[in-house]
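Okay, structure first, notes after.
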Amino acid sequence: MITLLDYGAGNVRSVINAIESLGETVKVVAGGEDILSAEKLVFPGVGAFGNMMRILREKKYVEPLLAYLGSDRPFLGICLGLQALFDYSEEASGIKGLGFIPGAVKRFAIELSVPHIGWNGLNYKQPSRFFAGLQGSEKLYFVHSYHVVAEDPEVILTTTDYGYEFVSSIQKGNIIATQFHPEKSGRAGLRLLQNFLEPPAQAASPGQAAGKTSLAKRIIACLDVRSNDQGDLVVTKGDQYDVREGGNVRNLGQPVELARRYYQEGADEITFLNITGFRDFPLEDMPMLEILRQTSRNVFVPLTIGGGIRDYTDKDGREYSALEVAAGYFRSGADKVSIGSDAVLIAEDYLKTGRPTGRSAIEEIARVYGNQAVVVSIDPRRVYVKAPAEVKHAVIETNLPGPGGERYCWYQCTIKGGREGRDLDAVTLAQVCERLGAGEILLNCIDRDGTNLGFDLELINAVATAVSIPVIASSGAGKVEHFHEVFTATGAESALAAGIFHRREIPIGDVKKYLADKVETRL
Ligand code: 1PR
C-alpha cells in the first residue's frame, strides 16, 4: 500500500494511475495521521510553491511530514514534492519550505525558454537502487521554471543540463525526490516507480553518453474531438478547420484508442482539443472528462486538453469560473490546459488598459497550477497588406506573396474555431499571454491546417522570436522532412501533427527515425 499526499492542486491522478498500473494500491492522505502511519509515502507536486506551502500549513501537514521524513521511511517527492524539502523558493518570497534539505529553489536564469518543458537526460552522480534497469541514455519528462540548489553535494543523485547544470534528483537515506515526472516519462519512468515500490537488492550506476544532456524536440499527436451528427464523440480533422466532408463530420477514430496507439508509437505528448468547446460546457460534457480519465489510466506521457476553458453560467444561472473548468480537467488526468478563444478576449481587455486584472483565466489557473500548466492555443490566419503601415499589427515581409502580389502580411487571431476574426495579431496575443502567465504557446495556422504543405515557418519565427516561453508548431505537416525543417529553421520547441498520424500516412516512429541523427529527440 502506497500513501499519496494530495494537497489538492495538479494532476495526482496520473501518479495514482502509474502506481496502480504497477499493481500497487494507493491510499490518499485524508489527515496528518495518514502521513504519520504511512509505510511508503509519495508526494507529487504540481503547481506553485507558495500555494502548496500555504495548503500544507492550513491542513496541518507540515509537522507530520517532517516527522515522517525524520524517520527515514521510503519517500518519493516529485517536482514540487522535491522543492518542498528545501528551505525556501524564489517563487514565493517570505514563504518557508519544509527545510529538510538545506538549500534553496531558484528560478532558471538562462537565455533559453523557461519553463524547461520536455524530455531531458540525467547525469548520474552516485549509484542508487532507484536506477536499476536503466541504460543511462533515457530521457525523462520535466516541466518547471525553478530548480533546487542543494548545499550538501552528498545528496545529489543526478543533474541535468539546461543552460547550466542543475540538480534533477536527490537522495538522502530512503528519501528520494525528482524534479522530473516519472509518472509522465513513459517506460523509463515506470521502471523508476517500480524501483521505488520494490527496491532491487543492488544499487545501479547507469552509464551515460559523454557530454551534456540535452532537451529533446517533442513530437506531439493532436486529437481534435467533437460530437458527430449521431452524437458520438469522435476524433475528427479539418481542412483549414472545416471538419465536414459530404455534409458529415469526418470520423477518424475513437479518442481513447488513438491516444493509446500514439503513446505506444512514441508520441512525446498528446493533446486533445474539444473543438466545439466554445459552445459546449465541458463540465456538462462528461464524455470529454471520461476520455481523459480513461486515457490517463495507461498513457504515461503528458496530456494537454483544450476547448471551453472560460467562465460560464449554466442554464440554472450557476456561475463557474474558468479555474473550476480547468480543475475538472486536471482532476480527470490532464497535465496542462489549453485556452483558445478566451485568451484572445483576455488579451483584448488587457490591451485596453495595459494592466492585468489578476482575475483572467490565464492568471488564475497559472497562480494555482503553475505557468507550465497553461497553454495558449492560437488560431491565426494570414492577412496580406501592401505595406506595413497599412495596419497597426505586427507585420512581416513574406516570401509567399499574396494573391495581388502583396509582399507583407500579418496573422489575424480568430476565436470560436476560426469562425470569427479579431482585430489582434498572433505576435501580440502571444506576448500578452506570456506576460499574464501562460507557460507555452500552441501555434496553429488555419491556412496550413490539413494541407500537408509544411508548417508556416514565417508565422512560427515571428512568434517564437517574440516570446521566451516554448512554442509548439502546429498545422501542415505532410512528410518527415517538414519536422526537420521546422526544428532547424525556427525556434519551435515541439511540433504537433494530426492528419498524417490519424490516416497512418506517417507513423510517429518514422518521424523520430528520420530525425535521429539530425535533431535531438526521445527515441
Ligand atoms: O476556443 O478555448 O474553446 O478552444 C478550442 C480549441 O479547438 C482551440 O485550441 C482551437 O485551436 C481548436 N479548434 C477549434 N476548431 C477547430 C477546427 O479544426 N475546426 N482545431 C480547432 C484546431 C488545429 C490543430 C490541428 C493542427 C494539425 N485544429 O488542432 O490538429 O492544425 O493538423 P494537421 O497536422 O492535420 O495539419 P477554445
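This structure is a prediction, so every number in the text was calculated from the model and none was measured. Basis for what follows: all heavy atoms, side chains included, without hydrogens, waters or symmetry-related copies. Counting starts at 1 for both ligands and their atoms, in listed order.
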Can you find a pair of side-chain heavy atoms, one from Asp449 and one from Asn444, that are under 4.5 Å apart? no
For the pair Glu138 and Arg187, find out whether any cationic side-chain nitrogen is under 4.0 Å from an anionic carboxylate oxygen. no
For atom 28 (N) of ligand 1, what is the closest protein heavy atom, and at what distance to 0.1 Å? Asp224 OD2, 3.1 Å
Could you tell me if Thr213 and Asn120 have a donor-acceptor pair between their side chains, going purely by distance under 3.5 Å? yes
At under 4.0 Å between heavy atoms, which part of Ser475 makes contact with ligand 1: side chain, backbone, both or neither? both
Ranked by distance from atom 15 (N) of ligand 1, the top protein heavy atom is Gly417 CA, 3.3 Å
From atom 5 (C) of ligand 1, work out which of Ala495, Gly238, Gly307 has a heavy atom at the shortest distance. Gly307
Closest contact, heavy atoms only, Leu436 versus Pro356: CD2-CB, 3.7 Å
Testing Lys217, Lys512, Lys139 one by one against Asp268 for a side chain to side chain contact (heavy atoms under 4.5 Å, CB included), which residue passes? Lys512
Would you say the side-chain atoms of Arg382 and Tyr384 include a donor-acceptor pair closer than 3.5 Å? yes
Is it true that the side chains of Tyr162 and His144 contain a donor and an acceptor less than 3.5 Å apart? no
Provide the full list of salt bridge (charged side-chain N to carboxylate O under 4.0 Å, His left out) pairs with a residue in residues 480-505, sequence neighbours left out, each pair given once. none
Please could you name the atoms of ligand 1 that Lys237 approaches to less than 4.0 Å, counting only its heavy atoms? 32 (O), 33 (P), 35 (O)
Among all the protein's non-hydrogen atoms, which is closest to atom 2 (O) of ligand 1, and how far away is it? Gly340 N, 2.9 Å
Looking only at distances, can you tell me whether any N or O atom of Ser377, backbone or side chain, sits closer than 3.5 Å to an N or O atom of ligand 1? yes
Taking only heavy atoms of Asp379 into account, list the atoms of ligand 1 that are under 4.0 Å away from them. 8 (C), 10 (C), 11 (O)
Atoms of ligand 1, numbered as shown, that sit under 4.0 Å from any heavy atom of Gly499: 33 (P), 34 (O), 35 (O)
Under 4.0 Å to a heavy atom of Gly450 - the qualifying atoms of ligand 1, by number: 33 (P), 35 (O), 36 (O)
Given Val344, Asp449, Val375, Thr451, which one has a non-hydrogen atom that is nearest to atom 25 (C) of ligand 1? Asp449
Heavy-atom contacts under 4.0 Å between Ile275 and ligand 1: side chain, backbone, both, or neither? both
For ligand 1 and Ala477, I'd like to know whether there is a polar contact (N/O to N/O, distance under 3.5 Å). no
Write out all pairs satisfying salt bridge (charged side-chain N to carboxylate O under 4.0 Å, His left out) with one or both partners inside residues 404-426, taking only residues at least two apart or from two chains. Glu348-Arg422, Lys392-Asp423, Glu397-Arg407, Lys416-Glu420, Glu420-Arg422
Which of the ligand 1 atoms, numbered from 1, are nearer than 4.0 Å to a heavy atom of Asn444: 11 (O), 23 (C), 24 (C)
Could you tell me which atoms of ligand 1, counted from 1 in the order shown, lie closer than 4.0 angstrom to a heavy atom of Ala497? 34 (O)
Minimal heavy-atom distance between Lys336 and Glu269, with the atoms involved, is NZ-OE2, 2.8 Å
